Protein chains: 2
Amino acid sequence: MAHDPSYTNQEFKVIGTRPPRPDGLDKVTGRAKFGADAFAPGQLVGLILRSPHPHAQIRKIDTSKAERLQGVKAVITSADMPDLTNGDRNMLDILENCMARGRALYDGHAVAAVAAIDMPTARKALKLIKVGYEILPHVTDVDEAMKPDAPIVQPYVRTTGVEPKPKKASNVSQVTQFGHGDVEAGFKEADVIIEKSYITEQTHQGYIEPHACLASVGPDGQGELWVTTQGHFAFREVCAKLLGMEVAKLKVTASEIGGGFGGKTHVWMEPVALALSRKANRPVKLVMSREEVFRSTGPTCSTSVDVKIGAKKDGTITAATATLRYQNGAFPAIWAMLGAMTSYACYNLKNVKTVGYDVLVNRPKVTAYRAPSAPMAAFAVESTIDQVAAAIGMSPIDFRIKNAAKEGTRASYGPKYGPIGIGPTLEAAKNHPHMRARLGKNQGRGMACGFWFNFGGQTCTDLNIGVDGTVTLSVGTVDVGGSRASLSLIAAEELGIAYERVRCNIADTGSLGHNDMTEGSRGTFSSGMATIFAARDAIEVLRERAAKTWEIPVEDVVWEGGQAVAKGKAHGNLTPLTLSDLAAASPNSGGPIAGHNEVVADGAGVSFASHICDIEVDPETGATKVIRYTVIQDAGKAIHPDYVEGQFQGGAVQGIGWALNEEYVYGEDGRLQNPGFLDYRIPVCSDLPYIDTQILEIPNPNHPYGIRGVGETSIVPPLAAIGNAVSNAAGVRMTHVPMSPPRILKAIKSEQAEQAKLAAG
Amino acid sequence: MAHDPSYTNQEFKVIGTRPPRPDGLDKVTGRAKFGADAFAPGQLVGLILRSPHPHAQIRKIDTSKAERLQGVKAVITSADMPDLTNGDRNMLDILENCMARGRALYDGHAVAAVAAIDMPTARKALKLIKVGYEILPHVTDVDEAMKPDAPIVQPYVRTTGVEPKPKKASNVSQVTQFGHGDVEAGFKEADVIIEKSYITEQTHQGYIEPHACLASVGPDGQGELWVTTQGHFAFREVCAKLLGMEVAKLKVTASEIGGGFGGKTHVWMEPVALALSRKANRPVKLVMSREEVFRSTGPTCSTSVDVKIGAKKDGTITAATATLRYQNGAFPAIWAMLGAMTSYACYNLKNVKTVGYDVLVNRPKVTAYRAPSAPMAAFAVESTIDQVAAAIGMSPIDFRIKNAAKEGTRASYGPKYGPIGIGPTLEAAKNHPHMRARLGKNQGRGMACGFWFNFGGQTCTDLNIGVDGTVTLSVGTVDVGGSRASLSLIAAEELGIAYERVRCNIADTGSLGHNDMTEGSRGTFSSGMATIFAARDAIEVLRERAAKTWEIPVEDVVWEGGQAVAKGKAHGNLTPLTLSDLAAASPNSGGPIAGHNEVVADGAGVSFASHICDIEVDPETGATKVIRYTVIQDAGKAIHPDYVEGQFQGGAVQGIGWALNEEYVYGEDGRLQNPGFLDYRIPVCSDLPYIDTQILEIPNPNHPYGIRGVGETSIVPPLAAIGNAVSNAAGVRMTHVPMSPPRILKAIKSEQAEQAKLAAG
């Protein structure tokens, strides 16, 4: 696909303005329909019975009493969700996570489900299901799980990425390695080497809206699913495969989404809802409780990471390594691999090596959380970077600038960079007033950098022009952060009309071609690309209609400023035809005017950010307060700056929560002890300062408008930036996230004891 | 647009088969969602206050008490629906029909509306609205309304189509005239002339599902409408115009439709629902009662028609005239014009003249009902035709065959016919076993012919291929009679795949370009055309993908039997790629595969039918029984013969009801006396024989598959066919429809009295 690079520096008329988002009013007034807001006549209430054990053989499930309860229309177990995956182990894992098949693999794992006429009946029915468990030994810690005598979570798993191929089952599902150069030689060149280990605890995306769906499957094998999701087309494909349906026979509609951040890229209970509906022959609504969301939907990995960085006194990093152990919950995934890929992506390194260990434990299946895996790696690397800088006596920012990757740098994970923004964000950080602001007592400043790949992928857009010249834009990427506004701006820009004349709709799967998930910061990048091409497709039609009206060759018609203009002296008397003119005439000039595009949006631009933050630490209690926070990030072209800034701020806030408070707490019994927002505390407004932002625009040459993804990178630096700030404020290096008051206090006490011991000599 | 005429006689693989319709199971199990089945959180109940007077000045409306009632969220009158029509009188009429503006024009005319939290509150609120009426004289009969001293229904109306232009208001809104030749000269040539007058009473389409919608408009001017309709795109445009919204900002979704037959081509209360929602700032659901449906939604015209036909003894019609007076209810329309156009369309006439009078009365606004206006004209003409045949001693069928129109005939309404089916249906009728079956005592046989134009118009179709090779077809013509099955067959035929691999969805207005109404028998004709072109568009993509896979020129790839085949000796080793192969590879070969088409489907083929029926008349009571009924009609190519036959049968049944029972009864007070299915009796199964059908296929050369419309013509002949049968059974000529038992008995008694008088000399 050819792009016109001239677009990347073009003058825009509406792109870059900040009109209100079209879904805004509905969302603040409560009119917007979220996952739980759907209703179908005759719908049943679904509920899921979940294992209270982290690891147990399911000896038998007796559903007979539940089935006999009046008002119960269906009870299902894994027997009602037969394995149709045809040897596709990944799909079988998804199915097994939806409903345990013989073994419960984590506290909260679904073992049965009911559909009943109302909630009290469904609750009663759940209690009447008798499950015979044989409790098995469990493991929930990533390092414990790697020990040779650890309980095996998935007996089928053989570690990949090692030679010779192992014959025994292991909790390490894969080992991956990235890098280049000779790290041993590099470390020999170093004047200073810092080696350190870090821990991060498991967190949840913490979206406000729990998972919810309304499923309906008829005996004819046709079905519908209304669901809160980041990708209804992908949900359609997965559900169709798991249920043995044809893709075209399952129509999935995405509700408004009350937050996803990666957690709604995966099916958790939707196949269960469909199976219940199929068995009950009634629509079934399934809405998770908050406890269910915590216990059984994709949190992040907890991690254990070792970092070693060597540098010369002049500030050149000579070698860097990282060993990353990421737990994936009970099902194999690639999270450590992503950590190994991203850890050193900000830097231009001669010798670098990262090794990732993806590890199974008896916890819920991990899924994506905003730049998945990168924040933990960045915490370890960026914390160490600060220590190396300190050791050689350089400022952390100058040290980073010296080693920053640039155009042409070979990334630690393989490819060569095109034009990138890490250097500019660091320079901007260095020059930012925040860097020179005075700090008060017990306050410290930290900074850190972050990287995310961004993705492209399959995308379809239809653009239809109404008879009054207003435009409906039909896209398939769920709007999680204002993309309807951005895409409307793009359509308006191309067509030369006002933003208000465009309405962007998220099409259901019955009326548009496949769209990949809204993940990987791909929404505005990919649907923006498809929108541009669809608009240009429509402009071709508009030009043809004008040419037909004027009876002149279409080559003599150009589209300029929202109207068809006849070019050439011979046509000097022809008044330009606006889009509204041509739309009004369309019923008699050939019918409705439309443009379409189906594309694989290649060339997503990598994204970098530098964050600065000031923290105050109370040395008496270990309590922290974020005093000031600044995000500087390369957005490529910022289509709608408000929503770009919103992404920067949202990512930073989630990073702050992760850094300071959020944490899954598992007991010795392998059960989650804090599955609720009272005990799992995400930051609220009063916990936070205003998050300042600075957008840099280094155009992505692979996109007609220069767009990069913007949604994820902003969550990558906060853990490390805050760690560095706490270290500067309290004089202790924090290596364990979250840096909750008890952990900070413990670190301070331990440092004081150490100092006392040294003083006592 | 170029059509390939070879398609009209092509060999079809799946076209012409009879698979189950995709919406069938949902409809028989109750899962299908109709107009009243939608739900939005926070929705209000809407109710409309209607005038009990046929004609009254509204002196004032006091809504203050209703507004103060707890639970009432909005009360509206015409003041809340300001005139934004910018001088478009037709649009203003629509608005005024939705809500009276100063005068109530018929019994049932809306004067105010409320939205409240529940039905009891809404009912109470209606009662609290005080309307001050000044009752005006009214007129409900079409002939009365034409008298010089009749009360004027619409003071703004000046008769069009007459010279000199009238200065005074009249209830005759327009006079239209069609024909050619010299009828006076023609009548002079005639050996026999029959001149007769006929009356038909007003009927209702009698759809089972009342009008229902759920409207939601936000303060930002964006809205949604879920509605039972025959055309959600047209509803969008009309509602947007009346409410002052932009077309793209109003998303309309068509529910399943429980019958429409023309009655759901028009907005009745949808703008009221939107206005209520806008004022209440909450979603509002409006569901009509059956009484409201009868009193205030579009019935047919009652008519008064004079026919004069002259013929020579050899059977040649020498001249024919018709004067048609059709009441349009309280708002001007073109129904008499359509009657004047269709009345003689079946015949090849040298001298013909028809004059239509569109007349206003104080009855609800008339709207389309299946081949609107044609059944009444056919009743008058075809009844007279039988009498002329009898007078010259020819069989009715031979007389019709002799005068039937054929290819090249100049139609009485203007154009020259292409290939048409009236002759073949008559020949088929003549040869049908029904024609030779023995009749019992008090039984008579009648036949009649019918004509309908059929329409084409604006249509859009998107076709998307899923990764498993199943296909979603997205169309915008509401499925009233199985078009999803027909369109799926067409897509399957073009793509060379199984019918079951296609799912056809009716897209909402946000995700497809404009589609005209499902009316004029255009659904399968026009969306079929767009589907063919969209499928061919997708096949181009499939060929490109295959060529890319094989690395050969696309010109060397043909699409045959559902797969891409490499042509030429050089490619002999290449295994054909099926649609499923190419679909599975699509994510890596360029992305989703789709086809699109926007078209003005020109060239709808005219349609003809001949019906035969046997009636038994009880001479003691006037009661009738339909003994046998046969429909013979030209369908062009019958895509799904079951649903073609269903249309034939449904039209015949509605015609039977109209002919024998159905009738609006207005009292002297101008109020409708029978607004319910108990007193307005539509035929039920036990009233009917099996309706036999015979499909003739005279391909329409203007359609790639030869499709004609099939939905309407079948309602045209029944009134006359039954009239002719009753005449043959009871020996009396019926000139007043419905031929209810009292009317038949009266005719028999009157004939007996006449005979007695003659015998007494």
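Since the structure is predicted, the reported quantities are computational estimates derived from the model, not experimental observations. Atoms considered below: every heavy atom in the structure, side chains included; atoms not considered: hydrogens, waters and symmetry mates.
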All salt bridge (charged side-chain N to carboxylate O under 4.0 Å, His left out) counterparts of B:Lys73, not counting sequence neighbours: none
Region of B:Arg236 in contact with chain A, defined by heavy-atom distances below 4.5 Å: side chain
Heavy-atom proximity to chain A below 4.5 Å, by part of B:Pro20: neither
Interchain contact, B:Gln43 with chain A, by part (heavy-atom threshold 4.5 Å): neither
Interchain contact, A:Lys241 with chain B, by part (heavy-atom threshold 4.5 Å): neither
Interchain contact, A:Val502 with chain B, by part (heavy-atom threshold 4.5 Å): backbone
Candidates A:Val471, A:Asp23, A:Val475 - the one meeting side-chain contact (heavy atoms from CB on, under 4.5 Å) with A:Cys504: A:Val475
Residue selection (most heavy-atom pairs with chain B, distance under 4.5 Å) from A:Lys249, A:Lys33, A:Arg31: A:Arg31
Atom group of A:Thr509 that falls short of 4.5 Å from chain B, counting heavy atoms: backbone
Under 3.5 Å side-chain donor-acceptor pair for A:Glu598 and B:His596: yes
Side chains of A:Arg501 and A:Ser580, donor plus acceptor under 3.5 Å: yes
All ring pair (Phe, Tyr, Trp, His ring centres under 6.0 Å) counterparts of A:Phe39, not counting sequence neighbours: B:Phe39
Contacting moiety of A:Asn515, where chain B heavy atoms sit under 4.5 Å: neither
Smallest separation among heavy atoms of B:Ala280 and B:Leu44, with atom names: CB-CD1, 3.6 Å
Residue selection (most heavy-atom pairs with chain A, distance under 4.5 Å) from B:Asn588, B:Thr459, B:Ile506, B:Leu512: B:Leu512
A:Arg484/A:Glu256 salt bridge by N-O under 4.0 Å criterion: yes
Test item: A:Ile539 and A:Leu495 side chains (from C-beta on) under 4.5 Å apart, heavy atoms: yes
Side chain / backbone / both / neither for B:Asp37 at chain A, heavy atoms under 4.5 Å: both
Residue selection (most heavy-atom pairs with chain A, distance under 4.5 Å) from B:Leu473, B:Leu463, B:Asn281, B:Ile593: B:Asn281
Atom group of A:Glu237 that falls short of 4.5 Å from chain B, counting heavy atoms: side chain
